[in-house]
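Here's the structure, in structure tokens; my notes come after.
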There are 2 protein chains.
Amino acid sequence: MSIQTRRERERAERERLIVAAARELAEAEGWDAVTTRRLAAEIEYSQPVLYSHFKGKDAIMAAVAVEGFAELAAELRAAGTAVPPGRAALTAVGEAYTAFARRRPALYDAMFTLTVGLPFATPEAPAALRAGFEELSRAVAPAAAEGDDPGLLTETYWAGLHGLVTLMRSGRLPEEAHDRRLALLTGRFAAGAA
Amino acid sequence: MSIQTRRERERAERERLIVAAARELAEAEGWDAVTTRRLAAEIEYSQPVLYSHFKGKDAIMAAVAVEGFAELAAELRAAGTAVPPGRAALTAVGEAYTAFARRRPALYDAMFTLTVGLPFATPEAPAALRAGFEELSRAVAPAAAEGDDPGLLTETYWAGLHGLVTLMRSGRLPEEAHDRRLALLTGRFAAGAA
DNA sequence: AAGAATGTCTAGCGCTGCTAGCATTCCGGT
DNA sequence: ACCGGAATGCTAGCAGCGCTAGACATTCTT
């Protein structure tokens, strides 16, 4: 039994290594630089080993994305609970979200623009993902006016943040005015709370 | 002289053909299906011909994107001028924008998520692009509160629309509640106008 | 009619994600 | 203690990608 478990442990360790290498490579040089050959070289195994752990490159990226969801959720939670609920919390969460996206662009891409295989608005969605949405929701829901669905309002605010981040990252919006745009967005959403 | 102009005319015609073929292929099967080989086969020339017209595949996609900017600008203009200025116009423009993105997903991708080579927030940006922003701005600017920069407010509303569209298209937001999310977003931005 | 210039094609480079098939290595039963 | 079988990781290769060098016609100029 012990031998078996040791092998499973080593195997799990190697899987962790693959995900970590993919993430590091992506954060250092972008996802274009993450090829199966480079990844294999990085972990000092041959290419086919990757496919004994993951169905394909997409699955590796999805694993990286899940890591990202957990970190984003944690940062949103920290930001949202550091200030009293209300407008300040909404501002704090919005800033934490966009700061995360700007600090970890490759991670953010894996989470929200590249990978398509992950379930989202369903119960099968990764727990970390739902947790992140929950954090956002806690800050947004108080701003719901009478008759507004808090969940939908959260999704809409989230979309605003996501739009700001992606348009800025791809050069469609100039970087320098980001803070003011974010303040505008947050202001419009906080208005309902008063 | 006439021979020269005939040649130039034929060459321009072929360039038009390349862009049209790329767009059709992308709209029918997605950008992944648009390879230089398939594109060459489609226009019944060999691959290198593409490179005598465009610097690379990206440039072809950029040409398709510019077509898209013109169409989007026209649709936004039609929507924005069909109703009196104010909240109704903001709603109309928002609906026109997201409808365009949902009706022409491949075109939208070329414009806002894939191509990176086009200049945006500068005077060198394609005229059609600036025109589209102008249309958006006409509907948004009246909603600016005292002290709000109308340009930044337009960018922020645009980001909201873009976020809704991209998150929905990639499966992050369920399609069915789109109208209600759009109404929420528009409502929050129209509030300032009253 | 000979030479220069233009235009197009064939062939191929280096890369991608992915996989079939072969060694080797290690484990469990006698 | 040994041997058969299963598990494991490797080498080698496939089909396709964007892109380009160089050969080949054809067309225009002198």
Side-chain angles (χ1 to χ4, degrees), chain A residues 1-19 21-23 25-26 28-65 106 109-110 114-118, chain B residues 1-19 21-23 25-26 28-65 106 109-110 114-118:
Chain A
M1 196 58 163
S2 174
I3 286 171
Q4 191 74 0
T5 60
R6 192 210 66 215
R7 295 208 144 179
E8 283 172 11
R9 185 162 21 95
E10 286 173 353
R11 190 179 161 77
E13 172 60 20
R14 193 172 60 181
E15 188 156 318
R16 210 192 51 74
L17 194 66
I18 292 172
V19 176
R23 173 175 174 169
L25 205 45
E29 306 182 34
W31 281 107
D32 282 352
V34 183
T35 70
T36 56
R37 281 172 177 78
R38 276 201 69 177
L39 207 44
E42 210 74 42
I43 63 169
E44 298 179 311
Y45 281 92
S46 67
Q47 269 180 295
V49 166
L50 300 175
Y51 294 88
S52 74
H53 286 271
F54 299 94
K55 195 190 163 197
K57 191 188 170 184
D58 285 359
I60 297 175
M61 289 170 53
V64 173
D109 281 344
L114 292 178
T115 295
V116 186
L118 282 174
Chain B
M1 196 58 164
S2 175
I3 288 172
Q4 190 73 0
T5 61
R6 191 210 68 214
R7 294 205 146 175
E8 282 172 12
R9 186 161 20 94
E10 287 173 354
R11 191 180 160 76
E13 171 61 20
R14 193 173 60 181
E15 188 157 319
R16 210 193 51 74
L17 193 68
I18 293 172
V19 177
R23 173 175 173 167
L25 204 46
E29 306 182 35
W31 281 106
D32 282 352
V34 184
T35 70
T36 56
R37 283 171 177 79
R38 275 200 70 177
L39 207 45
E42 210 72 43
I43 63 170
E44 297 179 313
Y45 282 91
S46 68
Q47 268 180 296
V49 166
L50 300 174
Y51 293 88
S52 74
H53 286 271
F54 298 95
K55 195 190 162 197
K57 191 187 169 184
D58 284 359
I60 297 175
M61 290 172 52
V64 173
D109 280 344
L114 292 178
T115 294
V116 186
L118 283 174

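Everything quoted here is computed from the prediction, not taken from an experiment. Below, read A as the first sequence line, B as the second, and so on, with proteins coming before strands; counting in each chain starts at 1.
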- Message: Do L39(A) and K57(A) make a side-chain contact, defined as non-hydrogen atoms from C-beta onward lying under 4.5 Å apart?
- Response: no
- Nearest heavy-atom approach of A22(B) to V64(B) is CB-CG2, 4.1 Å
- Whole-Å distance, E10(A) CD to dC27(C) P, equals 10 Å
- Item | Partners meeting side chain to side chain contact (heavy atoms under 4.5 Å, CB included) with A41(A) (sequence neighbours left out) | none
- Message: What is the separation between atom CH2 on W31(A) and atom P on dG17(C), rounded to the nearest whole Å?
- Response: 12 Å
- Message: Under the rule for side chain to side chain contact (heavy atoms under 4.5 Å, CB included), what residues qualify as partners of A65(B), not counting sequence neighbours?
- Response: F69(B), A110(B), M111(B), L118(B)
- Integer-rounded Å distance: dT8(C) C1' and I43(B) CD1: 12 Å
- Message: Once pairs are restricted to Watson-Crick or G-U wobble with both distances under 3.5 Å, how does DNA chain C read as a dot-bracket string, [ ] for crossings and | for other-strand pairs?
- Response: ||||||||||||||||||||||||||||||
- Message: Whole angstroms only, please: what is the CG-C1' distance between L50(A) and dC10(D)?
- Response: 13 Å
- For E29(B), the side-chain hydrogen bond (donor to acceptor under 3.5 Å, both in side chains) test, sequence neighbours excluded, returns R38(B)
- Message: Could you tell me if the side chain of I60(A) sits less than 4.5 Å from the side chain of T36(A), heavy atoms only?
- Response: no
- Task: Starting at atom OH of Y45(A), determine the distance to atom C1' of dT25(C), rounded to an integer number of angstrom.
- Result: 14 Å
Please write out each protein N/O paired with an N/O of nucleotides 17-21 of chain D under 3.5 Å, distance rounded to 0.1 Å.
unit_1  : atom_1 : unit_2 : atom_2 : d
dC17(D) : OP1    : T35(B) : OG1    : 3.4
dG18(D) : OP1    : K57(B) : NZ     : 3.0
dG18(D) : OP2    : T36(B) : N      : 2.8
dG18(D) : OP2    : T36(B) : OG1    : 3.0
dG18(D) : N7     : R37(B) : NH1    : 3.0
dG18(D) : O6     : R37(B) : NH2    : 3.1
dC19(D) : OP2    : Y51(B) : OH     : 2.9
dC19(D) : OP2    : K57(B) : N      : 2.8
dC19(D) : O5'    : Y51(B) : OH     : 3.3
dC19(D) : N4     : Q47(B) : OE1    : 2.8
dC19(D) : N4     : Q47(B) : NE2    : 3.0

- Note on the structure: note: R11(A), atom CZ; dT8(D), atom P; distance rounded to Å ~ 7 Å
- Just jot down the side chain to side chain contact (heavy atoms under 4.5 Å, CB included) partners of A12(A), sequence neighbours excluded, or say none. none
- Task: Would you please confirm or rule out a distance under 4.0 Å between OP1 or OP2 of dT8(C) and any side-chain N or O of R14(B)?
- Result: yes
- Item | Nearest heavy atoms of A106(A) and W31(A), plus distance in Å | O-NE1, 2.8 Å
